[in-house]
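Here is the structure we will look at.
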Amino acid sequence: ADTEVDLLTIGAGGGAYPAAFRLARAGARVVMVDPKGVMSGNCLYEGCVPSKAVRETAALYLDQEKFQHLGLPGRICPDYAAVVAHKDAVQNRRYAQHAAELAAVPDLRLIQGVARFIDAHTVQVHGERGDERFHCRHIIIASGSEVFVPPLPGAELALTSHDLYKPDPTLKNLPAHLVIIGGGYIGLETASFFAALGSQVTLLQKGGQVLQGMDPGMVDQLVPLLHPRIHLMMGVEVESLEATAAGKRIVHYRRDGMSAQIHADVVVLAVGRRPVLPEGLDGLGIVVDRHGISVGPDLRTQHPHIYACGDVNGRVPLFHAAVRQSLVAAHNILGGDVPMDYADFVNVPTTIFTLPAAASIGITPARAKAANIELVTGHYAFAEDSRAQILERMDGEIRLFFEPGSLRLVGAWVVGIDAGHLIGEIGMAIQGGLSAYDLARFADQHPMSAEGIGKAARSLF
Ligand code: ADP
């Protein structure tokens, strides 16, 4: 007989485990299924956490280079094997923490295995103890996304973010010349880290702008600040990859109608991610478009008891968005599959963790223009910021966008120092419905970069 459960989650990443814990604590019978056999999905395995472990060490090398006149030991030769060891140690530390969190909720089971649908209430799990079938009152599909590898001849000669950031990664030496195919956030971040560590980086981008989908106004602020060892080549259509006898790589491409080639020690392919759909979904009438499983802000699919959270729905493919969506689904399950909570897909802080970083949230000018909305802009340049001056990171700015009339904060970007932190504080202000008046009268701390938020608001008065 099938095992009866209240909730089964397909995946145990950010879209899954917050709901699993929430419902288990409320007394529900909950099972999570994930082939990794551990929580936190691709974020910890090959995404946000390991890439930022590399980023922050790369940033240390940059600072060391910048402040040699203070007597810090001269660079160079960052030890990439040591960087990798640090990254792996961070991953292991967090896996141990998640194991302890799971052990603290004894009734919550995580099965190492792969789940597939039999029907809208039945899920088959092929796992460590053979096959098991579950009859589920509610299901959360949170099977995430994976690296998209296009059908290019020789694509297997390139590494992907999976190979760079997974535990015990494929790449353990710093390449002298790295070619990155793709100018999305993963490609651009990776370019930043390796340039900071000492590699020459050539980034090949198909269109005329890197970070497509981000506000071009913000991208134009960021691009000139990228490390001089990064060479951006736009309008490049990669056609194939080739290996030389010496183990190097040649990338063949077309640009302006002409064929050309570029040599590399290592090629990284970063042209996007694709949702991972569990087997058996086809027969259920669940709508899938090119972004993923179609859901509204209540996270329900066409079946009110089946939810799709996180990267698999393609709405906001970021870990923290997945966590919030997972909790929304949990609340709606607790409400009997009648919506009582809704996710906000617009006001999610998004940081491009290049060196320096760029971050945005909410409605920025490009989005406003497309929707025919007017905005009032407040501005603050880090050139005048005390902390930026102390750390000699005076490039970049804070830009706040307000609704005319009410001056309610509706969006922002931050390029430069502390961008990832500042966008969070700004996001809290948006969530709280604050206006330029509220921001202007808050005495934020001196000499910290956050005082620039108030100063940007006061630029209106
Ligand atoms: P999110 O943050 O959106 O939850 P992640 O990609 O971090 O996404 O995590 C999704 C997890 O789901 C991954 O660990 C992946 O291996 C797992 N997964 C993918 N397909 C299945 C499946 N059919 N059954 C169980 N787990 C799956």
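Note: hydrogens, waters and symmetry copies are ignored here, and every other heavy atom, side chains too, is used. Index from 1, following the sequence. As the structure lists them, so they are numbered: ligands from 1, and atoms in each ligand from 1.
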Does even one non-hydrogen atom of Pro317 get within less than 4.0 Å of ligand 1?
no
Drop me the distance from Leu225's CG to Thr354's OG1, to the nearest 0.5 angstrom.
8.5 Å
Can you list the residues that meet the side-chain contact (heavy atoms from CB on, under 4.5 Å) rule with Arg408, with sequence neighbours excluded?
Glu403, Ser406, Val410
Proximal atoms of ligand 1 relative to Asp311 (non-hydrogen, under 4.0 Å)
3 (O)
Determine, considering heavy atoms only, which of Ser143, Cys309, Gly280 sits nearest to atom 20 (N) of ligand 1.
Ser143
Is there side-chain contact between His231 and Val201, with at least one heavy-atom pair below 4.5 Å?
no
cation_pi(Arg273, Phe148) dist<6.0 Å, angle<=45
no
Taking the side chain as C-beta and beyond, is there a heavy-atom pair between Val210 and Leu203 under 4.5 Å?
yes
Distance col, row Arg324:CZ vs Asp344:CG, nearest 0.5 angstrom, shows 8.5 Å
On a heavy-atom basis, I'd like to know which of Met32, Met39, Lys36 is closest to atom 13 (C) of ligand 1.
Lys36
From the options Pro35, Ala142, Pro275, select the one whose nearest heavy atom is closest to atom 18 (N) of ligand 1.
Pro35
With nothing but distance in play, are any N or O atoms of Gly15 less than 3.5 Å from an N or O of ligand 1?
yes
Run the numbers for me: atoms of ligand 1, each under 4.0 Å from some heavy atom of Ala115, listed by number.
22 (C), 23 (N), 24 (N), 25 (C)
Should Ala12 be counted as touching ligand 1, given the test is an N or O pair under 3.5 Å?
no
Taking the six-membered ring of Tyr165 as reference, does the NZ or CZ atom of Lys87 fall below 6.0 Å from its centre and within a 45° cone about the axis?
no
Taking only non-hydrogen atoms of Asn42 and a 4.0 Å limit, the atoms of ligand 1 in range are 5 (P), 6 (O), 7 (O), 9 (O)
Backbone or side-chain N or O of Ala322 under 3.5 Å from ligand 1 N or O:
no
Under 4.0 Å between heavy atoms, the region of Asp34 that gets near ligand 1 turns out to be both
With heavy atoms under 4.0 Å as the rule, classify the contact between Ser326 and ligand 1 as side chain, backbone, both or neither.
neither
With sequence neighbours left out, what residues match Ala321 under side-chain contact (heavy atoms from CB on, under 4.5 Å)?
Val316, Leu318, Gln325, Val348
Under 4.0 Å from one or more heavy atoms of Ile10, ligand 1 contributes atoms 22 (C), 23 (N), 24 (N), 25 (C)
